[in-house]
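See structure below.
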2 protein chains.
Amino acid sequence: MSDSPVKEAPPQDFDALRTAILERKGELPKRLTQVAAYALDHPDEIAFGTAASIALSANVQPSTLVRFAQHFGFDGFSGLQLLFRARLRERTSSYEDRLRTLEQDGAALAESTTIFNGFVAAAHRSIDSISAAVEPDAFERAVTLLAKAETIYLIAKRRSYPISSYMAYAFGKLKVRCQLVGTSAGIDDDMLAMATNRDAAFAISFSPYASESAAQARMMASRGIPVVSLTDSAFSPLAECSAEWFEVVEADHAGFRSLSASMAFAMALTVSIAEKRRRG
Amino acid sequence: MSDSPVKEAPPQDFDALRTAILERKGELPKRLTQVAAYALDHPDEIAFGTAASIALSANVQPSTLVRFAQHFGFDGFSGLQLLFRARLRERTSSYEDRLRTLEQDGAALAESTTIFNGFVAAAHRSIDSISAAVEPDAFERAVTLLAKAETIYLIAKRRSYPISSYMAYAFGKLKVRCQLVGTSAGIDDDMLAMATNRDAAFAISFSPYASESAAQARMMASRGIPVVSLTDSAFSPLAECSAEWFEVVEADHAGFRSLSASMAFAMALTVSIAEKRRRG
DNA sequence: CCGCCACTGGAATGAACATTCTATATTGAC
DNA sequence: GTCAATATAGAATGTTCATTCCAGTGGCGG
């Protein structure tokens, strides 16, 4: 009893655990060695399975798993399992742990620095996620579609507007004809009315969706004008009326999103379109 | 009872489920739609969480999750959860070979894919570089300076305009008074003339520098109005007349720059200012 | 205006689960 | 060879969880 409260601290991340296991694997009892080997060989099983199912496939008793976890300082098996799950999550976005370290520093730093670091990390994650989410084939189809349009109509309101306005600027430089919709009040619908089916539209809208943008995109689609869209959820009203649509989930910091990933996407699209045109 | 045993078969993999959800999202009741949106937007949460924890963060009842799963032919929530877990298992590998394609650039890939990858990589580099280049102390001083201004004048033309327009949008949401300069032709100087030394300005300009922006910033400075600026070189005309200035070098791809890093910086600044004000 | 039906929230239920406990087995020392 | 100490198996326990059930609500058609 006298020394049991002196619990050694459990490893905080998967790598630390892995190291600890390898260090101590020589001095571990037979069954625990067995568990150790199984854990390192089948980490996914540990992450998803229940104690019973893991015990079965590792040929040990469930209680052995618990004792194994306790040997490494965890309260029980569940605590250990968390590390295996966290590992799977982070596989996807390697910047998540960096973000966490940044957030931990928070205490000593000025608040503005914390916010800055937060946005930098969020931007990184967003860009990782967009590069995973965009299908090269779909992107190519969207480029083809927009490249053969006579005029590209850019539909965007509110938060999305800065993106379309930069696209309009770049299109101008690249000598691609485009029409920015949503700039000054009132005349939007008149401009859209001039679109023919030799044109195409690119719409951007993030939650909460501006109902106008959705309505305008739908209208274009119903007139046979192909619509490509960028949005943040498969549930966006834009998705259903678009010939091609892309999902970008901007990671947020404290509820605010920077448009970093969307900007990268928009530029890639813009330049790709111009390039495709230039080649005929 | 007569037809309830005729259960429709549940989707067998994540993509099938996703498709099914999107198909039926129109005819789903309110709460189930909410779950559907949450599920597609936060698949990782569903994979790892418990029904209770997921219900909490999706703002529904646990029972709703079960009903949702049953609507799609599963026995219960657990069956649906299996799909989300399977997806995560598979993604580990698919994410890795996505990275591999990113590296073996050019060879067999469509040009648009190369361009896309290029912009993603450029965005990453830009953000890395800005997080290294911005001095926390200078950032803090800039925030302090702008936070105590009555009105913040945002000066930006051309390529920088999308950034300032997003800042203006965010400031609006955050109830910080600001004035966007450079929007419609002609009245800029009149607006700036109204600025007092209780105000402040934030100017953005990248090479090739719009001479107007530089002139306007200089004019503000000469009237004792503090100017903070974001630019891409120490030789920028903005640097010399600014109380604080920051350098962001957007990595370019094929000569075109996305504004990813500038956007992250702008949002960090905007939110920091609002936060500082809120605290008094 | 009334009654029906689908939807929803919340509590009740029962199953699955991790953990603990105890009897038994194994190991190593003297 | 015997004893002590540690490890292990398997049953018992108490908790957490998904699921079910029921009452209340709102909307729609008669």
Side-chain angles (χ1 to χ4, degrees), chain A residues 1-5 7-8 10 17 21 24-39 42-43 45-86, chain B residues 1-5 7-8 10 17 21 24-39 42-43 45-86:
Chain A
M1 283 288 277
S2 59
D3 57 344
S4 80
K7 254 190 295 195
E8 86 188 284
L17 173 63
I21 290 177
R24 296 173 53 178
K25 80 171 181 194
E27 65 202 49
L28 247 36
K30 188 176 144 208
R31 283 288 123 98
L32 297 195
T33 311
Q34 199 174 328
V35 172
Y38 184 87
H42 309 277
E45 285 304 315
I46 307 256
F48 290 116
T50 70
S53 69
I54 297 166
L56 190 71
S57 72
N59 288 310
V60 296
Q61 291 292 324
S63 52
T64 307
L65 294 177
V66 175
R67 278 184 291 114
F68 177 78
Q70 286 167 344
H71 266 249
F72 286 92
F74 297 95
D75 276 355
F77 173 70
S78 305
L80 176 140
Q81 197 176 31
L82 285 182
L83 258 59
F84 281 78
R85 295 190 166 178
Chain B
M1 282 292 278
S2 59
D3 55 346
S4 77
K7 253 190 297 194
E8 86 189 282
L17 173 63
I21 291 177
R24 296 171 53 178
K25 81 171 187 190
E27 65 201 48
L28 247 37
K30 186 176 145 209
R31 281 290 119 97
L32 297 194
T33 310
Q34 198 174 329
V35 172
Y38 183 87
H42 309 275
E45 286 303 314
I46 308 257
F48 288 117
T50 69
S53 70
I54 297 165
L56 190 70
S57 71
N59 287 310
V60 297
Q61 292 289 327
S63 51
T64 307
L65 294 176
V66 176
R67 276 197 291 267
F68 176 78
Q70 286 168 343
H71 266 249
F72 285 93
F74 297 95
D75 276 355
F77 174 69
S78 305
L80 176 141
Q81 197 177 32
L82 284 181
L83 259 58
F84 282 79
R85 295 189 167 178

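Letters A, B, ... mirror the listed sequences (proteins, then strands); counts begin at 1. Note that the structure is a prediction, hence the values are computed from the model and not measured.
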Practice prompt. Measure across Phe84(B) and Ala47(B) and return the closest heavy-atom pair with its distance rounded to 0.1 Å.
Written response: O-CB, 3.8 Å

Worksheet entry | Protein-nucleotide distance (Phe68(B), atom CZ; dA18(D), atom P), rounded to Å | 16 Å

Worksheet entry | Any Gln70(A) side-chain nitrogen or oxygen under 4.0 Å from OP1 or OP2 of dT20(C) | yes

Worksheet item: How close or far is atom P of dC17(C) from atom CD of Gln81(B), stated in whole angstroms?
Response: 12 Å

Item to complete: Rounded off to whole Å, could you give me the CD1-to-P distance for the Ile46(A) and dC17(C) pair?
Response: 16 Å

Worksheet item: Counting just side-chain N and O atoms, does Arg67(A) come under 4.0 Å of either OP1 or OP2 of dA7(D)?
Response: no

Discussion item. Please pick, from dT19(D), dT8(D), dT8(C), the nucleotide with the shortest atom-to-atom distance to any side-chain atom of Leu32(A).
Written reply: dT8(D)

Worksheet item: Base, sugar-phosphate alone, or nothing: which one does Thr64(A) contact when heavy atoms must sit under 4.0 Å apart?
Response: sugar-phosphate

Discussion item. Which residue in the set Ile46(B), Thr33(B), Val60(B) passes side chain to side chain contact (heavy atoms under 4.5 Å, CB included) when paired with Tyr38(B)?
Written reply: Ile46(B)

Worksheet entry | Length of the line joining Gln34(B):CD and dC7(C):P, which is rounded to integer Å | 15 Å

Practice prompt. Give a yes/no on whether any side-chain N or O of Ser78(B) is located under 4.0 angstrom from OP1 or OP2 of dT19(D).
Written response: yes

Discussion item. Looking only at the side chain of Ser63(B) (C-beta and beyond, no hydrogens), which of the listed nucleotides dT20(D), dA18(D), dT8(C) gets closest?
Written reply: dT20(D)

Worksheet item: What's the spacing between Ser63(A) OG and Arg67(A) CZ if we round to 0.5 Å?
Response: 5.0 Å

Worksheet entry | Minimum-distance nucleotide (side-chain atoms of Val66(A) versus dC17(D), dT8(D), dT19(C)) | dT19(C)

Worksheet item: Choosing from dC7(C), dC17(D), dA18(C), which nucleotide comes nearest the side chain of Thr50(B)?
Response: dC17(D)

Worksheet item: How many Å lie between NZ on Lys30(B) and P on dC28(D), as a whole number?
Response: 13 Å

Discussion item. If you compare every side-chain N and O of Gln61(A) against the phosphate oxygens of dT8(D) (OP1, OP2), does one of them come in below 4.0 Å?
Written reply: no

Item to complete: Measure from CG on Asp75(B) to P on dA15(C) and round the result to the nearest Å.
Response: 16 Å

Discussion item. Minimum heavy-atom separation for Phe68(B) and Leu28(B), please, with both atom names.
Written reply: CE1-CD2, 4.4 Å

Practice prompt. In whole angstrom, give the distance that lies between atom CG of Leu65(B) and atom C1' of dT8(C).
Written response: 13 Å

Worksheet item: Where do Gly76(B) and Val66(B) come nearest, in terms of heavy atoms and distance?
Response: CA-CG1, 4.5 Å

Worksheet item: What integer distance in Å separates Phe48(B):CZ from dA18(D):P?
Response: 15 Å

